[in-house]
Peer 1: 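I have a structure I would like to understand better, so I am pasting it below and will then ask my questions one at a time.
Lettering of chains follows the sequences in order, A, B, ..., and the numbering in each one begins at 1.
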There are 2 protein chains.
Amino acid sequence: MSPKITTELLKQLRQVMKNPRFVQEPVQAYIVPSGDAHQSEYIAPCDCRRAFISGFDGSAGTAIVTEQHAAMWTDGRYFLQAAHQMDSNWTLMKMGVKDTPTQEDWLVSVLPEGSKVGVDPFIIPADQWKRMSKALRSAGHDLVPVKENLIDTIWTDCPQRPCKPLITLDLSYTGVSWRDKIVALRSKMAERKVMWFVVTALDEVAWLFNLRGSDVEYNPVFFAYAVIGMNTIRLFIDGDRVMDPAVREHLQLDSTLEPEFKVQVMPYGSILSELQAVGAGLSPKEKVWLSDKASYALTEAIPKAYRYLTPYTPICIAKAVKNAAETEGMRRAHIKDAVALCELFNWLEKEVPKGTVTEIVAADKAEEFRSQQKDFVELSFATISSTGPNGAIIHYKPVPETNRTLSVNEIYLLDSGAQYKDGTTDVTRTMHFGTPSAYEKECFTYVLKGHIAVSAAIFPNGTKGHLLDSFARSALWDCGLDYLHGTGHGVGSFLNVHEGPCGISYKTFADEPLEAGMIVSDEPGYYEDGSFGIRIENVVLVIPAETKYNFKNRGSLTFEPLTLVPIQTKMIDVNLLTEKECNWVNEYHQKCREVVGAELERQGRHEALRWLLRETEPLGRVE
Amino acid sequence: MSPKITTELLKQLRQVMKNPRFVQEPVQAYIVPSGDAHQSEYIAPCDCRRAFISGFDGSAGTAIVTEQHAAMWTDGRYFLQAAHQMDSNWTLMKMGVKDTPTQEDWLVSVLPEGSKVGVDPFIIPADQWKRMSKALRSAGHDLVPVKENLIDTIWTDCPQRPCKPLITLDLSYTGVSWRDKIVALRSKMAERKVMWFVVTALDEVAWLFNLRGSDVEYNPVFFAYAVIGMNTIRLFIDGDRVMDPAVREHLQLDSTLEPEFKVQVMPYGSILSELQAVGAGLSPKEKVWLSDKASYALTEAIPKAYRYLTPYTPICIAKAVKNAAETEGMRRAHIKDAVALCELFNWLEKEVPKGTVTEIVAADKAEEFRSQQKDFVELSFATISSTGPNGAIIHYKPVPETNRTLSVNEIYLLDSGAQYKDGTTDVTRTMHFGTPSAYEKECFTYVLKGHIAVSAAIFPNGTKGHLLDSFARSALWDCGLDYLHGTGHGVGSFLNVHEGPCGISYKTFADEPLEAGMIVSDEPGYYEDGSFGIRIENVVLVIPAETKYNFKNRGSLTFEPLTLVPIQTKMIDVNLLTEKECNWVNEYHQKCREVVGAELERQGRHEALRWLLRETEPLGRVE
């Protein structure tokens with residue numbers, strides 16, 4: 001991976017920052033956030049502006065360019081990757097590391113007095129705007145919206161915004177019709193006394209209408225907004241996609257419906273003017289509900305007194321709690337995914353010793369096996385197929401320049417997942433195809449202990465996920481080890497592999513309490529720069545737990561693993577496990593045998609079945 | 001405990017809420033917060049306005065009175081107590097319980113349109129003012145400062161503000177002179193480019209000047225403010241206390257000092273006008289540093305553009321990290337405190353079976369034994385001496401109406417501590433003087449497991465205390481149990497028994513990272529309403545931990561118990577402990593024997609020594 005040379009681009013950007021064709025007044029700094037106008041984590045190529053200007057293409061990062069400086073803020077997952085991808089024009093700002101300045105503090109320290117800091121108001125979330133604007137103002141500077149995106153002005157070969165066909169999902173997948181979702185949403189709106197709700201996140205639009213798309217790689221979403229009134233439904237979407245008879249039928253566009261369920265289709269680009277019209281027509285006490293992460297541009301369209309902003313929308317919260325149809329779909333998807341991985345690992349076991357399997361070959365093979373499964377749509381994120389030192393780059397993606405050959409001498413880490421029409425998967429396994437060292441086994445076993453500590457945790461109803469994060473680290477901490485990322489994220493149902501409002505992280509305190517039906521990942525790790533990476537990840541479902549007592553009648557919760565892929569016992573130092581942990585591994589493997597074994601049998605995949613049976617032999621504790 | 005009859009008082013308050021002598025415009029609601037003008041947790045009798053109006057005298061609670069309603073917000077520690085102490089005029093708002101409205105939401109739901117909500121601007125912290133004012137404004141109401149405290153206008157026999165003599169502390173206690181503390185403070189001010197620092201918390205004034213007082217029960221503080229400039233020191237304090245030669249000498253009031261170390265003494269009541277004068281005389285870029293918890297009145301004295309507000313002041317953070325002199329003092333204080341408790345428990349063991357020891361008698365006896373120790377000053381909080389069902393009232397204080405006799409049939413919980421000139425103690429032990437039931441032992445053992453899990457935890461440098469909270473609950477959660485309070489608080493050095501900025505709680509995310517030298521409590525519990533309460537509390541010192549590895553060279557921390565009082569082995573179900581936990585108990589008891597045993601021997605307290613030796617016999621594990 002050689003860094004992108006950005007000298008000329010930065011020069012051009014600094015020119016447009018002063019060019020009256022694009023800015024009312026010259027801006028002394030320009031902020032390039034990660035996201036798109038929907039604050040998506042995964043973005044379309046046309047929205048990869050921060051990667052274009054800097055070369056750094058990780059999923060999280062904010063670039064700020066001033067006359068003199070260019071700086072990139074990113075978190076621990078990406079320190080190595082960003083350092084590799086950016087040239088010497090850029091300063092890496094390691095978030096979460098002591099003494100790293102915040103963007104605001106850094107700007108204040110480098111800007112001349114009375115500076116203007118520009119940003120695209122469609123790209124910056126309203127809450128970030130507010131925080132940054134306040135900090136800058138108190139230091140005598142101004143945050144200003146720059147209507148034309150300045151990166152777009154210098155990006156001569158910027159790709160087109162995608163506009164791919166839609167997929168309709170019937171009740172067997174979604175469990176609830178879009179009409180019933182609208183009814184439930186309106187009842188939440190009535191509770192909070194709001195008249196309008198603006199849907200800005202792409203996965204929320206998709207979930208609400210039981211539609212999926214493929215405008216963004218890995219996330220089955222499509223570019224759209226929606227504005228839901230108590231009696232109106234407006235869907236802002238481009239192209240002839242709604243001319244598809246299946247979509248028209250699904251949305252009942254040609255039926256005579258009660259007016260409050262009539263979907264009005266409008267151009268994607270008209271959202272701002274339509275919202276401004278809504279804002280202008282409000283009577284006193286008529287509020288408009290928006291996420292506080294909606295863009296500054298859309299938030300400003302509603303006069304301040306009429307805004308009702310919350311960190312999580314009612315759709316985000318409803319979407320997180322999976323219903324029976326969705327849970328069953330997720331189970332099916334995970335069984336199929338396990339079949340694919342059993343095939344892969346069986347294949348790798350045979351092929352790796354030959355020295356011909358590279359990280360890219362292995363990733364492609366994983367995709368090939370997954371694509372053989374029913375209702376496979378695409379991958380759910382870029383496969384992290386990494387061996388040896390590449391495993392320590394937490395969100396590594398193999399490219400030809402870094403592509404390493406798997407061997408019997410190095411640890412192999414595979415973090416991969418897929419979108420099936422019935423569910424989304426995300427699983428990490430760390431394997432050794434030769435003989436792991438005692439140290440590698442020791443580290444792996446600490447990570448496993450952390451994984452089990454979360455997976456087997458019992459906790460009261462109403463507990464927020466961040467309260468479980470330390471359980472995942474305790475065994476590592478005891479030996480002075482740790483990992484610089486969170487422990488888990490919410491997972492969508494044939495939707496985004498990362499979704500709110502729940503998760504397991506030391507960083508997030510604004511998470512919503514876990515409740516039965518939520519689905520999160522459990523993925524502690526350990527990474528040694530230059531040597532290896534270890535991570536063990538299952539997707540787990542929050543379920544009620546039976547306990548001996550029931551304090552204040554609150555009820556308890558625990559997790560059920562949906563991922564059913566063997567955890568390599570060769571990597572486990574059994575003597576470091578407690579009896580309870582040992583039993584957990586054996587029971588987990590027994591379930592893999594029964595459930596995935598039956599499916600392998602049904603699909604006639606006998607060699608992979610034999611591999612599964614071999615890999616799930618019970619652990620023997622050395623007493 | 002019978003409730004206070006408040007019908008007449010509420011009537012009077014509602015009258016003054018409309019009386020133009022006291023309010024510019026009638027207020028439809030009046031807020032009575034817990035604190036005083038320094039946002040103290042423990043307050044002088046003249047500041048107990050919330051208790052006066054409602055009858056509820058717990059340490060935390062906010063009363064709001066409207067034309068129709070009177071409501072009290074408090075947390076889980078006080079649900080039972082508040083319900084007992086308030087009459088039917090009051091509605092109890094259980095904070096932390098689902099569906100309990102916030103104060104703002106409740107006000108919005110009950111107030112007529114366009115209401116005014118009054119509050120004393122000296123009593124409400126600026127950050128609370130801001131939050132509440134914003135919420136009310138967005139619902140069409142106004143938060144207004146009412147200069148004269150309305151409770152004071154109806155409180156005819158309100159006591160005088162105390163003004164007791166000061167105690168000077170020399171270097172052997174404080175480790176650092178007040179001059180050096182001022183120098184360090186000014187260097188922090190220079191770092192942040194502020195010209196003035198306003199000291200508003202009473203313990204911060206006391207710590208900065210190495211002075212102590214006794215204006216407030218339990219907290220060795222005195223009513224004062226200070227304003228520190230880069231070249232000036234102003235101390236706002238009343239009475240002839242600074243005429244005491246020891247104080248004059250200590251503050252070098254009569255010496256010819258460099259002007260920047262000359263302490264100007266000013267009347268307590270002049271703080272607002274002096275601060276307004278400072279505010280009026282500021283040049284551009286001259287900032288004034290205040291805690292964001294300083295009162296609204298003082299915060300408003302500084303024009304907004306000149307304020308520099310932080311959640312924790314540099315004094316609060318410096319004060320939390322104890323130096324060698326303070327740490328040694330805390331060790332000495334805890335050994336003396338353990339001697340007193342060994343005497344007490346030995347005495348109780350003999351006396352309880354006679355049926356003559358009440359909760360009050362036991363509390364008084366504990367104070368008697370403590371007062372025999374060197375440098376004893378006073379108790380550090382109201383002793384919680386509770387048996388049987390009273391133990392379930394988390395912050396119970398025995399009064400004649402509730403005073404219960406200790407017996408061999410009930411669990412006894414004693415949470416007590418003292419102020420010694422060399423340190424502050426706070427210890428809870430739960431004892432049974434007969435034969436505990438299997439269920440009581442089971443619950444006690446879960447609490448003990450939680451206590452050990454925190455005390456023995458190893459965690460990276462930079463970890464915030466709230467990340468350790470779940471360790472204390474895990475064993476309880478496994479069985480469906482929990483407790484409704486945090487796990488630990490910072491402890492002052494001959495200062496407030498509760499202090500920031502560190503702690504161990506699921507509620508606090510704004511805590512500062514733990515570092516070596518900080519001192520916190522570790523006090524999980526379990527409470528069964530109407531039956532019993534269990535809590536095990538040690539004060540622990542944060543110390544560096546030796547670990548096998550050292551990830552990113554960050555270093556690790558752990559805790560050393562300063563409290564050295566036996567944990568009753570009779571209450572432990574040894575079969576529920578792991579081998580590691582069993583060893584922890586045995587090593588802890590061995591240390592109690594060695595350290596406290598030697599002191600008991602030195603003090604010639606042979607009977608208590610024999611009790612200590614008996615109580616610290618090693619646990620035998622039944623295999």
Peer 1: With a 4.0 Å cut-off on N to O distance, would you call A:Asp482 and B:Lys552 a salt bridge?
Peer 2: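 B:Lys552 and A:Asp482: not salt-bridged.
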Peer 1: What is the distance from atom NZ of B:Lys98 to atom CG of A:Asn461, rounded to the nearest 0.5 Å?
Peer 2: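 B:Lys98 atom NZ to A:Asn461 atom CG measures 8.5 Å (nearest 0.5 Å).
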Peer 1: Under 4.5 Å from any heavy atom of chain A, what part of B:Lys193 do you find: side chain, backbone, both or neither?
Peer 2: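 Interface part for B:Lys193: neither.
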Peer 1: Side chain, backbone, both or neither: which part of A:Arg307 has a non-hydrogen atom closer than 4.5 Å to chain B?
Peer 2: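 Contact with chain B: none, neither part.
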Peer 1: Between A:Lys580 and chain B, which part of the residue has a heavy atom less than 4.5 Å away: side chain, backbone, both or neither?
Peer 2: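 Looking at A:Lys580, just its side chain touches chain B.
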Peer 1: Got a sec: does the CD of B:Glu191 have more than 12 other heavy atoms crowding it under 6.0 Å?
Peer 2: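 Above 12, so yes.
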Peer 1: Just wondering, do B:Phe471 and A:Phe471 contact through their side chains at under 4.5 Å, heavy atoms?
Peer 2: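 Answer yes - side chains close enough.
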Peer 1: So do B:Tyr439 and A:Tyr549 actually touch side chain to side chain, heavy atoms under 4.5 Å?
Peer 2: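 When only atoms from C-beta onward are counted, B:Tyr439 and A:Tyr549 do touch, with a gap below 4.5 Å.
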Peer 1: Answer with side chain, backbone, both or neither: which region of A:Tyr308 has an atom nearer than 4.5 Å to a non-hydrogen atom of chain B?
Peer 2: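 Answer is neither: A:Tyr308 stays 4.5 Å or more from chain B.
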Peer 1: As an exercise, state the distance from OG of B:Ser556 to CG of A:Asp478, rounded to the nearest 0.5 Å.
Peer 2: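 Going from OG on B:Ser556 over to CG on A:Asp478, the span is 9.0 Å.
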Peer 1: Looking at every non-hydrogen atom in both residues, tell me the closest pair between B:Leu468 and A:Trp477 and how far apart they are.
Peer 2: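 Shortest heavy-atom separation between B:Leu468 and A:Trp477 comes out as CD2-CZ3, 4.0 Å.
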Peer 1: Using non-hydrogen atoms and a 4.5 Å limit, figure out which bit of B:Arg473 sits close to chain A: side chain, backbone, both or neither.
Peer 2: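 Looking at B:Arg473, nothing touches chain A.
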Peer 1: When rounded to the nearest 0.5 angstrom, what distance separates CG in B:Leu481 from CG in A:Asn550?
Peer 2: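 Spacing of CG (B:Leu481) from CG (A:Asn550) equals 9.0 Å.
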Peer 1: Tell me, side chain or backbone of B:Thr463 under 4.5 Å from chain A's heavy atoms, or both, or neither?
Peer 2: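 Just its side chain gets close to chain A.
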Peer 1: Using a strict threshold of under 4.0 Å (side-chain N to carboxylate O), is an ion pair present between A:Lys548 and B:Glu442?
Peer 2: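 Salt bridge present between B:Glu442 and A:Lys548.
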Peer 1: Side chain to side chain contact (heavy atoms under 4.5 Å, CB included) for A:Leu467 and B:Ser470? Distances and angles first, verdict last.
Peer 2: CA-CA 6 Å; A:Leu467 291 169; B:Ser470 296; 3.5 Å; yes
Peer 1: Report the C-alpha distance between B:Phe551 and A:Leu484 in whole Å, list the side-chain angles of each, state the deciding distance to 0.1 Å, and finish with yes or no for side chain to side chain contact (heavy atoms under 4.5 Å, CB included).
Peer 2: CA-CA 10 Å; B:Phe551 180 64; A:Leu484 299 180; 4.1 Å; yes
Peer 1: With chain B, which of A:Pro284, A:Ser474, A:Pro460, A:Ser138 has the greatest number of heavy-atom pairs at distances under 4.5 Å?
Peer 2: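 Greatest number of close heavy-atom pairs with chain B: A:Pro460.
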Peer 1: Which region of A:Tyr526, side chain (C-beta onward) or backbone (N, CA, C, O), has a non-hydrogen atom less than 4.5 Å from a non-hydrogen atom of chain B, or is it both or neither?
Peer 2: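 Interface part for A:Tyr526: side chain.
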